[in-house]
Amino acid sequence: MTKFREYKGLNLPVIDEGVLSFWQQKEVFKRSIEERSLDNAFVFYEGPPSANGKPGIHHVMARAVKDLFCRYQTMKGKRVERKGGWDTHGLPVELKVENQLGITKDDIGVKISIEEYNKACREAVMKFKELWDDLTRKMGYWADLDHPYITFENNYIESVWNLLKDLHQKGLIYKGYTIQPYSPAAGTGLSSHELNMPGAYKDVSDTSAVAQFEVIRNSDSKHLFEDNAQGGLYIIAWTTTPWTLPSNVGLAVGKKITYAKVATYNPYTTLPVNIILAKDLLAKWFKPQQAEADYDAYDPGDKIIPFKVIGEYKGDQLEGIRYHQLMPYVQPTDGDAFKVILADFVSTSDGTGIVHIAPSFGADDMRVGKQNGLGSLTLVDKQGKFVDSVTDFAGRYVKNYKDESDETYRPVDIDIAIWLKENNKAFNVQKYQHNYPHCWRTDKPILYYPLDSWFIRASSVRDRMVELNNTINWKPSHTGEKRFGNWLENLQDWNLSRSRFWGIPLPIWRTEDGTSEICIGSIEELMREIEKANQELGLTQSVPDDLHKPYIDNVILVSDDGRKMQRESDLIDVWFDSGSMPYAQWHYPMENQEIFDRNFPADFICEGVDQTRGWFYSLHAIGTMVKDSVAFKNVVSTGLVLDKNGVKMSKRLGNVVDPFVTLKTHGADATRWYMMTNAQPWDNLKFDEAGIVEVKRKFFGTLYNTYSFFSLYANLDQFAYEQDQIPLVERPEIDRWIISELNTLIQEVDNQYSLYESTAAGRKIQYFVESHLSNWYVRLCRRRFWKGSYEHDKIAAYQTLYECLLTISKLMAPIAPFFADWLYRNLNEATQQEKHISVHLALMPPVEQQLIDKDLQERMDYAQRISSLILSLRKKEGIRVRQPLQKILLPVLNSEFQSQVEAVSDLIRSEVNIKEIDYIKESSGVIKKRIKPNFKTLGRKLGKDMKVAAQLISNLSQETISDIEKSGTYSLVIGENTYALTLEDFDISADEIPGWQVATDGEITLALDVTITDDLKKEGIARELINRIQNLRKDNGYEVTDRIEVKLLHHDQIQQSLQSYRDYIADEVLANSIDIVDTLDGETTLLLEGIETKINTQKV
RNA sequence: AGUCUCGUAGCUCAGCUGGUUAGAGCACUACACUGAUAAUGUAGGGGUCGGCGGUUCAAGUCCGCCCGAGACUACCA
């Protein structure tokens, strides 16, 4: 017969190793998939990590969440394939390689060939793959590591191209301008990533100018000229980049902002002017004494320039007003110009409340410019200097890009300011300190500059994306509804272009003038086009073995009219790579069409919340545009893992937690359990190792102890579940109770898992194990396991505890896969009750509703609380539990309560060592009652009278309370109003039993009879003796089954006690004899106050 | 700057659609228990539920503003 395995202690990392090799040997992961039917799939997508960095503890977090729901679904009978994947392209990879090679972007193609560079990237990107795979295994994350998708592989790229072609055919891809950070010194655009590098933003002092834009008088603007003082009418706008002023094409005002018209004099020319600026900002540009000065008495040269407000307008009254171009060098040809428009970003926090718009040099400017039909002027070239048409400043660098020393470089901003002053176009010029981004490589200020880019017209499917998003179940919901939803509402087109080297090349070829273009959707198509080009152009090209740069750039195609087409040199955004994985991981549509159909869309994905605009978006956008479908139905976005002080982990601070060390020290399960139960996955986790230790000790330790306890006695009794299952009705109350609780737990946990609420599920399991199973069921049932012979009641106890443990192993398996399997197999090994070799091949236990008995659970709750109250009274009175007491007094206010308590009175009496429970009926008149209003029902009835009523009700007399209980009604009179109240409007409970000390917990109140009679005292002594002898047995190292002989040193009271309890004691301590002797060697033992003896035990 | 989330005991967190003594665990202190023992029980201290205002008979819970922390987006005249 097989025994249950017994262990010397709990060692989670050792369990991990054992289970891991078992999984590997038996291919449990593979079987967990293959044993499930193909047409019952639960689809999961793995968001690909990049293996060019080491995995951190936060990866354990995100992967624990992914893993647990996949395991759960497997245990619900679903087939859950989990293809791993690697994200291999992108800027972080390139920057790291540049760093390693000690080169910059400019060196690529010069110091190192693109070919070599890309080779370096390809190697670097998989640098830590082994480490990742190792972590994946060690943390118990089940994913197919042997057949991952890799974004740099040709098959993957081909699928991505196919998607792009699909979009291209739908007219969703176009080339356009966008304003991007640009470094003239380096001659390259910068990504926002690069802009966010530490130190990129620097405080600099620039020349700022408030320029005067002269309003043109026409039918639209004539209302602005009413009440004007002498001089022209100007709108004034502030800028910290005066070099953008020649490129000005508009002025933006805020719709709701109030603007003031002010009559004053220009400080540089002293000419009278009427100017318009935000009313709130008057104080910024004028001092109070200027308002007091007499406008008419102004004399050029006066220190104080007077001003007066002569009009007021709302922003929308200014819309459409036209003005004379400020610096008339060139006029735009691609749209309207020189008018006032409305823009939502205009504020009155600084400047004049009016923003000068130069669409070529600001993203906001470009956007509102387009919206309002404005054209643009780009009067600065890519080297950062003015073009020739800006005659006065032609050829001058707008910032010091030539590394001239500060003495020789004359900022053009200053000269522009002077020009403005001389032309009565400057209202104010001063130095201004602000934070401005710089190129991290050249240290020079960047410009925002229009660059060519390819876009996906995502905004055209905005509404559909919003619509589809509303069908997705987001955990937590606000990430989807608010964060993602809001982002979709304001969706801009997707900038696909990246002018780098290591990435998927944009498969678009164009003629030089851009009139003909082709988007390639497959290698086969590329081959056809190449052959066509070879024929027409007399070339001998073939499809490159590697679809990356530089090879692909060498391919020349031919247009329908026989002209050469070159590939557009851009790469695509890596987010498009990862968003393509539902298709590209299967090399769809070139292969695996059925597999794809089965696996789209995903039932579940999960990544960090930082992926909201990243992977979640790219999946959703591509799914919407290509398949008019969601790409995922359920998504969990996980929060950050911070250090224990709530600080973000970073190498610099040295607070990074090494996941390998954590797993090695505490085991994967304790780590996972801690992460899942300490905080919701989407809340940030303050990672504290002490928390793992606590989980290990409290949860796993308790569960381990429970199993040890079970296996110890089961082996002694040779229990192996060989007998028929004892019907539940034949088992004692406490068995039925724990089984009822267990089924309640199954129901709740299953429900929580299905709702992606892993934290609630874990906490419920933990509560059951610690409170119900260990601390109540096992504690109360201990005797049943070690006392008496192996028959009915004992077998029932084994069967019950066994079932609880087995069920727990299943419920916990998704979160703690190692320990669960260890426990499951330990149990099943001896009984062979289940046919599965691993818990992960088993199904979640079904709820047996008929076994859930709410009444039973309620009365056990009473038993626990009553016991607790009695223990607390014993404590107060200083009477130890070993001293039996005669009775407790328990007021019962209704018969249900009494019968409920009676059903568990055995448990209570043995738990707290009392002889009887004396139920005090309300009719006895001994109980003093307390009455409280039931606010919930009364509040609705009484409304404003509630406050008075509460006062009245709590002061009702004992007689009235009795009346209410008898009649069930009460008329409450408050002022004019009479309310008919019923019993449910009150909360009546026992308050005290006069003459007794009571303890109260909610509706339960009780008193303890603390009289210790001689008989009770004798029994108490007997219990003390048993205790001491048991301790000796243990100290002497006897087996729990050894028989002994006992000798006691004479003491009168012991003698008396023995007369009554000799057999009882002998039975408890397995003694063949108990003798009282007059002399005995050894230490004196204090039994009770004043009772000393010596005890000697001898093994028979 | 905008959007979103969070703020409850020294620490980590519960607190359902508003209902009157705000809970648990850890930690701390004291006392018990002891055939699960590197476990367990009982008791105790500890809270202006971030602040201010509002709605309501009633606010930790709903609304507004503010403060603090974090995430994301944008980078400003």
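As the structure is a prediction and not an experimental result, all values here were calculated from the model. Here is how names work: the chains are called A, B, and so on, in the same order as the sequence lines, proteins then strands, and each is numbered from 1.
Nucleotides B:rC11 and B:rG18, compared at atom P, are 30 Å apart to the nearest Å. Here the separation of B:rC76 from B:rU8, taken at their C1' atoms, is 39 Å to the nearest Å. Taking the P atom of each, B:rU73 and B:rU61 are spaced 32 Å apart, rounded to whole Å. Nucleotides B:rU48 and B:rA22 are separated by 13 Å at their C1' atoms, to the nearest Å. When the C1' atom is used for both B:rG46 and B:rG64, the distance is 33 Å, rounded to whole Å. B:rA27 and B:rU42 are spaced 15 Å apart, taking the P atom of each and rounding to whole Å. Taking atom P in both B:rU29 and B:rU17, one finds a spacing of 40 Å when rounded to whole Å. Across the P atoms, B:rA69 and B:rC75 are found 24 Å apart, a figure rounded to whole Å.
Among B:rA36, B:rU42, B:rC4, the nucleotide with an atom closest to any side-chain atom of A:F709 is B:rA36. The listed nucleotides are B:rU21, B:rG41, B:rU5; the one nearest the side chain of A:K932 is B:rU21. Comparing B:rC13, B:rU37, B:rU17 against the side chain of A:K936 picks out B:rU17 as the nearest. Among the nucleotides B:rG35, B:rU5, B:rC75, the one closest to any side-chain atom of A:L1070 is B:rG35. Comparing atom distances between the A:V778 side chain and each of B:rC4, B:rA36, B:rA14 picks out B:rA36 as nearest. Counting only heavy atoms from C-beta on, A:R782 has its side chain closest to B:rA36 among B:rA36, B:rG35, B:rC4.
Checked by atom type, the side-chain pair A:T937/A:E984 shows no donor-acceptor distance below 3.5 Å. Judged purely by distance below 3.5 Å, without hydrogens or angles, the side chains of A:W285 and A:N428 never pair a donor atom with an acceptor atom.
Considering only residues two or more places apart in sequence or on other chains, A:K764 meets the side chain to side chain contact (heavy atoms under 4.5 Å, CB included) condition with A:L745, A:E748, A:V749, A:Q752. In this structure, the side chain to side chain contact (heavy atoms under 4.5 Å, CB included) partners of A:E6, at least two apart in sequence or on a different chain, are A:S711, A:L712, A:N715. Among residues two or more places apart in sequence or in another chain, the salt bridge (charged side-chain N to carboxylate O under 4.0 Å, His left out) test is passed with A:D1067 by A:K787. For A:D1042, the salt bridge (charged side-chain N to carboxylate O under 4.0 Å, His left out) criterion is met by A:K1099, not counting sequence neighbours. Annotation: side chain to side chain contact (heavy atoms under 4.5 Å, CB included) contacts of A:I1026 (sequence neighbours excluded): A:Q1030, A:Y1064, A:I1065, A:E1068, A:V1069. In terms of the side chain to side chain contact (heavy atoms under 4.5 Å, CB included) criterion, A:S910 has no residue partners (sequence neighbours excluded). With sequence neighbours excluded, the residues that form a salt bridge (charged side-chain N to carboxylate O under 4.0 Å, His left out) with A:E911 are A:R779.
Between A:N1027 and B:rC33 there is no side-chain N or O to OP1 or OP2 distance below 4.0 Å. Between B:rA32 and A:R880, no contact under 4.0 Å exists linking OP1 or OP2 to a side-chain N or O. For the pair A:S868 and B:rU42, the criterion of a side-chain N or O lying under 4.0 Å from OP1 or OP2 is met. The phosphate of B:rU12 (OP1 or OP2) has no side-chain N or O of A:N678 nearer than 4.0 angstrom. In this structure, A:Y448 reaches the B:rC76 phosphate: one of its side-chain N or O atoms is under 4.0 Å from OP1 or OP2.
For the pair A:R880 (side chain) and A:R874 (backbone), a donor-acceptor distance under 3.5 Å is absent.
Rounded to the nearest 0.5 angstrom, A:I974 CD1 and A:Q951 CD are separated by 11.0 Å. How far CG of A:L871 is from CD1 of A:I866: 12.0 Å, rounded to the nearest 0.5 Å.
A:Y448 has its ring centre no less than 6.0 Å from the ring centre of A:Y182. Taking the six-membered ring for Trp and the full ring otherwise, A:F785 and A:F709 have centroids separated by under 6.0 Å.
Mapped onto RNA chain B by nearest heavy atom, A:Q680 and A:N1031 fall at different nucleotides, with A:Q680 at the one closer to the 5' end. Between A:G351 and A:K482, the residue anchored closer to the 5' end of RNA chain B is A:K482, taking for each the nucleotide with the nearest heavy atom.
Side-chain atoms of A:S774 come within donor-acceptor range of the base of B:rA36, with a qualifying N/O pair under 3.5 Å.
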Polar atom pairs between nucleotides 24-27 of chain B and protein, under 3.5 Å, N or O only, would you list them?
residue: B:rG25; atom: O2'; partner: A:E694; partner atom: OE2; Å: 2.9
residue: B:rC26; atom: O4'; partner: A:E694; partner atom: OE2; Å: 3.4

Can you name the atoms? Protein N/O to nucleotides 55-62 of chain B N/O, anything below 3.5 Å, with the distance.
residue: B:rC57; atom: OP1; partner: A:K944; partner atom: NZ; Å: 3.3
residue: B:rC57; atom: OP2; partner: A:K944; partner atom: NZ; Å: 2.9
residue: B:rC57; atom: O4'; partner: A:G943; partner atom: O; Å: 3.2
residue: B:rC57; atom: N1; partner: A:G943; partner atom: O; Å: 3.1

Just the atom pairs and distances: protein N or O near nucleotides 66-73 of chain B's N or O, under 3.5 Å.
residue: B:rG70; atom: O2'; partner: A:N684; partner atom: ND2; Å: 3.2
residue: B:rA71; atom: OP1; partner: A:K648; partner atom: NZ; Å: 3.4
residue: B:rA71; atom: O2'; partner: A:R483; partner atom: NH1; Å: 3.4
residue: B:rA71; atom: O2'; partner: A:R483; partner atom: NH2; Å: 3.4
residue: B:rA71; atom: N3; partner: A:R483; partner atom: NH2; Å: 3.3
residue: B:rC72; atom: O2'; partner: A:R613; partner atom: NE; Å: 3.4
residue: B:rC72; atom: O2'; partner: A:R613; partner atom: NH1; Å: 2.9

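Counting heavy-atom neighbours within 6.0 Å of A:Y767 OH, excluding the residue itself, gives a total of 12 or less.
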(message) Just to be sure I follow the notation: if a pair is Watson-Crick (purine N1 to pyrimidine N3 plus N6-O4 or O6-N4) or a G-U wobble (N1-O2 and O6-N3), each under 3.5 Å, what dot-bracket string does RNA chain B give, with | for pairs to another strand?
(response) (((((((..((((.....[...)))).(((((.......))))).....(((((..]....))))))))))))....
Below 3.5 Å, can you tabulate the donor-acceptor pairs from side chains in residues 689-702 of chain A to any protein atom, sequence neighbours excluded?
residue: A:E689; atom: OE2; partner: A:H666; partner atom: NE2; Å: 2.7
residue: A:K696; atom: NZ; partner: A:H666; partner atom: ND1; Å: 3.3
residue: A:T702; atom: OG1; partner: A:K698; partner atom: O; Å: 2.3

